[in-house]
Protein chains: 2
Amino acid sequence: MVDKPLKMKKSERTRAAIEAAARRLFAEHGYERTGIRDIAAAAAIDPAMVIRYFGSKDRLFAEVADFDLGLPDVASIDPAHVGRTLVAHFLALWEGDSANGGLPVLLRSAASNEFAATRIQQLFAAQVLPVLLSLGPSATASQRAGLVASQILGLALTRYVLALPPVVALDRETILAEVGATVQRYATGG
Amino acid sequence: MVDKPLKMKKSERTRAAIEAAARRLFAEHGYERTGIRDIAAAAAIDPAMVIRYFGSKDRLFAEVADFDLGLPDVASIDPAHVGRTLVAHFLALWEGDSANGGLPVLLRSAASNEFAATRIQQLFAAQVLPVLLSLGPSATASQRAGLVASQILGLALTRYVLALPPVVALDRETILAEVGATVQRYATGG
DNA sequence: GAGAAAAGTCAACAAATGTTGACAAAAGGA
DNA sequence: TCCTTTTGTCAACATTTGTTGACTTTTCTC
């Protein structure tokens with residue numbers, strides 16, 4: 001058969017459907033509250049297929065949780081606006097409708113799922129810390145990274161996971177200004 | 001029988017044992033991952049007793065989650081150090097070994113448990129917001145409360161729930177100074 | 001000590017969980 | 001068309017879950 005443009009092989013399509021459904025449900029309800037049958041139903045396939053394609057619930061979760069923060073290159077960041085830049089980037093990471101959305105998945109489950117917690121820790125250690133290394137004395141980089149994490153994950157938690165009304169109500173510009181200033185101070189050790 | 005000093009009625013004692021075990025396990029593993037049989041084992045009693053004393057797992061959780069932040073009186077806070085004061089208070093709330101410890105329970109489960117999330121929201125609305133009302137224009141109180149919540153819960157999340165190493169490594173004085181300054185700025189609208 | 005009330009034990013239930021294997025349908029290549 | 005591989009369906013499994021009811025043991029009062 002001549003190649004159907006834009007249509008992948010059927011197996012790829014169901015695999016993608018499962019992954020998309022899993023991402024959405026894991027992000028919405030967390031690891032424990034999301035059953036394989038729920039995922040299968042959302043993807044309109046048989047529960048057994050989920051296992052067939054991903055081996056186990058754990059491995060499916062791991063696959064969905066395996067993603068990249070995609071932080072801008074260290075060199076391309078204006079040190080005077082790291083705070084705002086970082087916050088903007090994380091906001092996009094949460095609100096971006098399309099591709100990844102792995103961060104919501106992770107944070108929703110991290111509180112009661114050791115794997116997810118470890119994964120978050122790795123992400124910050126491998127991707128955020130390097131950025132901070134170039135912004136101040138390396139001796140304090142770890143401390144600065146900790147403070148930055150506490151504020152950024154706190155914002156994500158209260159706004160997207162817990163959905164505390166006062167935090168949800170914050171408009172983008174206020175967040176960029178206020179939280180950005182905090183992150184700026186933490187990041188540069190000011 | 002003459003009253004045994006410091007010993008309560010037997011039923012009260014087992015009830016307290018269940019509650020203590022539940023508090024510890026809920027705080028450690030979250031709502032979903034803590035089974036009634038786990039709680040019973042930790043309290044060295046029969047699983048049926050848990051139901052007998054508390055009716056259901058939900059009600060037990062609700063009981064354990066029903067507590068008070070115990071914030072200092074608004075009037076007694078020095079407005080120039082609200083940030084530090086608030087942070088110190090929340091630190092004590094987490095690290096206090098004895099009585100309550102309900103906050104760890106709540107935060108550990110809030111990400112995937114609607115009841116816990118709602119409860120946190122209520123706590124902040126009913127107990128933190130009033131404090132902020134006296135520290136700036138009432139029109140911005142909600143916004144200031146949101147920012148304060150994002151930082152304080154973020155600290156709690158990363159330090160006590162996720163246990164991110166760089167945040168765990170922070171010493172008390174650094175937290176009081178750095179995070180205190182942020183909360184101060186958020187709270188007063190500076 | 002007899003009898004009542006409280007506290008505790010035990011086995012079982014129905015439902016939901018992740019996972020598996022046997023089988024049927026469809027697709028693709030020869 | 002025949003045959004092989006892929007893809008999907010179905011029923012069942014073992015385990016764990018919260019919860020219940022019948023029963024025995026303890027505790028306390030008279």
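It should be emphasised that the depicted structure is a prediction, and the values quoted were computed from it without experimental measurement. Every chain is numbered from 1 and lettered A, B, ... according to where its sequence line falls, protein lines coming before strand lines.
Straight-line distance from the CZ atom of A/Phe61 to the P atom of C/dT17: 17 Å, rounded to whole Å. Going from atom CZ of A/Arg13 over to atom C1' of D/dT7 covers 12 Å, rounded to whole Å. Atom CE of A/Met49 is separated from atom C1' of C/dA24 by 12 Å (rounded to the nearest Å). For the pair B/His29 NE2 and D/dT17 C1', the computed distance is 17 Å after rounding to whole Å. Rounded to whole angstrom, the span from the CD atom of B/Glu32 across to the C1' atom of D/dT16 amounts to 14 Å. Atom NZ in B/Lys57 sits roughly 15 Å away from atom P in D/dT16 (whole-Å rounding). Atom C1' of nucleotide C/dT17 and atom CD1 of A/Ile39 are separated by 13 Å, given to the nearest angstrom. Atom-to-atom, CZ of A/Arg33 to P of C/dT17 comes out at 11 Å; the value is rounded to the nearest Å.
Both A/Ile36 and B/Arg37 lie near DNA chain C, and the one whose nearest nucleotide falls closer to the 5' end is B/Arg37.
Between the side chains of B/Thr182 and A/Tyr186, at least one donor N or O lies within less than 3.5 Å of an accepting N or O.
A/Leu147 and A/Leu129 fall into different hydrophobic clusters, where Ile, Leu, Val, Met, Phe, Trp and Tyr residues are linked whenever their side-chain heavy atoms come under 4.5 Å apart, directly or through other members.
Here C/dT9 is the nucleotide among C/dT19, C/dG8, C/dT9 with the atom lying nearest to any side-chain atom of B/Asp46.
A donor and an acceptor atom sit less than 3.5 Å apart, one in the side chain of B/Arg52 and one in the base of C/dA7.
Within 4.0 Å (heavy atoms only), A/Tyr53 reaches sugar-phosphate atoms of the nucleic acid but no base atom.
In this structure, A/Lys57 is positioned above the aromatic face of A/Tyr31, its NZ or CZ under 6.0 Å from the six-membered ring centre and within 45° of the axis.
Distances shorter than 4.0 Å separate none of the side-chain N or O atoms of B/Thr14 from OP1 or OP2 on C/dA7.
More than 12 heavy-atom neighbours from other residues, nucleotides or ligands sit within 6.0 angstrom of CD on A/Glu28.
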